[in-house]
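Heads up, the thing below is written out as structure tokens.
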Amino acid sequence: MKKISKNVLLVSSVGLAGSAFAVTNTHPVFAASNASKKTTVANDQAKVKSAQKSVDQTQSKLTQVQNDLNTANKDLAQKETELANAKSTAEAANSKVAAPNKSNDEAQSALKQAQAATDSANSDYQNAVKDSTDKQKDLTDSQNKVTNLEKQLTDGEKNNNDIKQKVTEKNNKISDNQKTLSGLQQEKSESDAKLASAQSDLAEMKQKADSASQALQAAKKDLSSATSTNESLTLPQSYIDYVTGKSTDWDTAKKDLQDVVNNHTYPFTDGDENDTVYNDPAALSESDQKRLDFYVKSLIDSVKSQVGSTSKLTITDGSLEFAKRYTQEYQNSNYVFRKYNAIKSASSIMGLDQHRRQLVDPAGQQGYRKCTKHF
């Protein structure tokens, strides 16, 4: 008789339930789904335990039936022996009846006893046969129950395996989701770092923009201050007529121009008597350099416009830088060739072509060139 192991399915069921419980506890995102699986596993475990209990009970009953059947077969064999002995006794009694030297009454008595023993043995034999048949039927029924329970256990194992497979798939999916989550967290960390860097760059650029804006406002303020007083130099008419070819009286033009220059008030000459910064052009602050550049531009544009030129100078960062370089190089150059050396050095430092010339517009070209020779 095949013996069914009680631990075949229970171990895997308990292990499976533990796995499902662990997944539920460590992955709250999938708690609802795993809780359902946990309930299913618990129900299946209960069914397996119930089926195993039925198997154990049926197995015990089957063993008892087998023992009873063995006892019945043993009794049957004994009854067969007793029946054979009774038949032998009856035959002996019959032979005694036939013997002439025996008493007829004794023979009849012995025959009756033998017949009674035979009948009793035969009855016991029939009862034993019936009991054996009943026991055999019980054994067959028990075997059928065991077969059905084994099928239920097999089905339960298959169902448990299916659930285990589903739990494994869920765990794999959770693992994949964890990997995806880790990847997303890594991407988020990288994005946060990039964002922090971008914000830092933005703050730095904003600071630079604010500084530039402040510098621009300061430059505008300086320009406004520089052009607020005497932003133009009014040339005498005699000089204008001379440089434009309307007059040839140079002496009058020169004298009138000298008077205008001498009487012109320059805003950068005012200040504390101890302030010596203007004695060294290289020591000028960037703000003062810009103020001076804008003021000179204003004067030049004013002079040009009065002798017929419509073009105006444009001050750029490059022109400001060149003026700064020129001033520095002029201070450090040989006295005889100061201007030439300063232009050459400043142009070389800034990568410029020192031989290029800026042309003025034809309308004021002649007058402007004559004018600039006198300043």
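Along the sequence shown, the residues carry numbers beginning at 1. Small disclaimer: the values here were computed from a predicted structure and weren't measured.
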Item checked: Glu190 and Lys194 ion-paired at < 4.0 Å -> no

Item checked: Contact check, side chains of Gln289 and Leu320, non-hydrogen atoms, under 4.5 Å -> no

Item checked: Connected via hydrophobic side-chain network under 4.5 Å: Val260 and Leu299 -> yes

Next item on the list: Inspect the surroundings of CD in Glu286 and state if more than 12 heavy atoms from other residues, nucleotides or ligands are less than 6.0 Å away.
Entry: no

Item checked: Presence of salt bridge, Lys166 and Asp162, under 4.0 angstrom -> no

Note to self: Among Lys208, Gln214, Lys206, which residue satisfies the side chain to side chain donor-acceptor pair (under 3.5 Å) criterion with Asp210?
What the structure shows: Lys206

Notebook entry, point to check: Do Glu169 and Gln165 come close enough that some side-chain heavy atom pair is under 4.5 Å?
Noted result: yes

Next item on the list: Decide yes or no for Thr234 and Gln306: does some side-chain heavy atom of the first lie under 4.5 Å from some side-chain heavy atom of the second?
Entry: yes

Notebook entry, point to check: Should the pair Tyr326 and Phe322 be assigned to parallel (<30°), tilted (30 to 60°) or perpendicular (>60°) ring geometry?
Noted result: parallel

Check: Does Lys255 pair with Asp251 as a salt bridge, N-O distance under 4.0 Å?
Finding: no

Notebook entry, point to check: Of all residues at least two apart in sequence or in a different chain, which pass the salt bridge (charged side-chain N to carboxylate O under 4.0 Å, His left out) check with Asp293?
Noted result: none

Note to self: Around atom CG of Asp317, are there more than 12 heavy atoms from other residues, nucleotides or ligands closer than 6.0 Å?
What the structure shows: no

